[in-house]
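What follows is a short report on a single structure.
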Amino acid sequence: KAGVTQTPRYLIKTRGQQVTLSCSPISGHRSVSWYQQTPGQGLQFLFEYFSETQRNKGNFPGRFSGRQFSNSRSEMNVSTLELGDSALYLCASRFIGTGNTEAFFGQGTRLTVV
Amino acid sequence: QQQVKQSPQSLIVQKGGISIINCAYENTAFDYFPWYQQFPGKGPALLIAIRPDVSEKKEGRFTISFNKSAKQFSLHIMDSQPGDSATYFCAASGLNSGGYQKVTFGIGTKLQVIP
């Protein structure tokens, strides 16, 4: 079974630009969550999508947005990039069932804003 | 607002020693407490998890101790090995107001096991 796939692995963007990151979940997993990882802040939750609808949202500005497609693949968009957006962006997928389920993470997209 | 507080942020342990990472939470609605292990260049992976109806769970050299009344839980790594060197995240999970599971992570602990 293929794991969670994130593309691209690395990105360098300029301040003010926008960027789109992609996440393909494990087959059968319908929930996709996005996290921002920085050395000083750990894993910060951005949002979670399930059945193409945002179900949870973290405390990030509106420049961060996402969407999920009917095949459960998800994209995250960051507009008007700032230097502080440089981070590792992780996607995690879950099987939705009764109770708590394990989150499986991709390897992440390393975004550098210059 | 940091709902899950994790300490220490970095830890150096001698090979064969015990590594201990502590976490505290605030929200009593949390009902699932996983620990994730992350190696450089990789995404976090589930290591071990516990539910609040038990006080301890052991898997090999890894043990979670859970204190519901104190709202604290900890990870113990016995006989620590250099291969255990990684970043460890504690997490707490519960349902949000919409009935969907939300996972909150601690800040992470970078563990280095030296020979």
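We use all heavy atoms of the structure for the numbers below, so side chains are in, but hydrogens, waters and symmetry mates are not. Lettering follows sequence order; numbering is per chain, from 1.
- Follow the hydrophobic side-chain contacts under 4.5 Å out from A:Val19 and you never reach A:Tyr35; the two are in separate clusters.
- Atoms CZ and OG, from A:Arg94 and B:Ser93 in turn, are 7.0 Å apart once rounded to the nearest 0.5 Å.
- Linking Ile, Leu, Val, Met, Phe, Trp and Tyr whenever their side-chain heavy atoms come within less than 4.5 Å puts B:Ile48 and B:Val54 in one cluster.
- Both B:Leu11 and B:Ile64 are members of a single hydrophobic cluster when ILVMFWY side chains are connected at heavy-atom separations under 4.5 Å.
- Following chains of ILVMFWY side-chain contacts shorter than 4.5 Å, one cannot reach A:Leu88 starting from A:Trp34, and the two form parts of different hydrophobic clusters.
- No more than 12 heavy-atom neighbours from other residues, nucleotides or ligands sit within 6.0 angstrom of CZ on A:Arg15.
- Here the OG1 atom belonging to A:Thr38 is positioned 8.0 Å from the CD1 atom belonging to B:Ile107, to the nearest 0.5 angstrom.
- For the pair B:Leu46/A:Phe105, no side-chain contact is recorded, criterion being any heavy-atom separation below 4.5 Å from C-beta on.
- For chain B, no part of A:Phe104 is nearby; none of its heavy atoms comes within less than 4.5 Å.
- There is no contact between A:Ala92 and chain B, counting heavy-atom distances below 4.5 Å.
- Shown here for B:Lys102 and A:Lys57, the closest heavy-atom pair between the two residues is NZ-O, 3.8 Å.
- Interface remark: B:Gln9 contributes no atoms to any contact with chain A (heavy atom separation under 4.5 Å).
- The number of heavy atoms from other shown groups lying within 6.0 Å of CZ (A:Phe95) does not exceed 12.
- B:Ile50 and B:Phe62 end up in the same hydrophobic cluster when Ile, Leu, Val, Met, Phe, Trp and Tyr side chains are linked at under 4.5 Å.
- For A:Leu90, the part sitting under 4.5 Å from any heavy atom of chain B is the side chain, from C-beta outward, and nothing else.
- Put simply, OG1 on B:Thr104 and CD on A:Gln44 are 10.0 Å apart, with the number rounded to the nearest 0.5 Å.
- Neither the backbone nor the side chain of B:Pro34 comes within less than 4.5 Å of any heavy atom of chain A.
- If you measure heavy-atom distances from A:Gln41 to chain B, the contacts under 4.5 Å come from the backbone alone.
- Contacts between A:Gln37 and chain B at a heavy-atom distance below 4.5 Å involve the side chain alone, from C-beta outward.
- Heavy-atom distances place no part of A:Ile96 under 4.5 Å from chain B, backbone and side chain included.
- Taking 4.5 Å as the limit, every side-chain heavy atom of A:Ser33 sits out of range of all side-chain heavy atoms of B:Val103.
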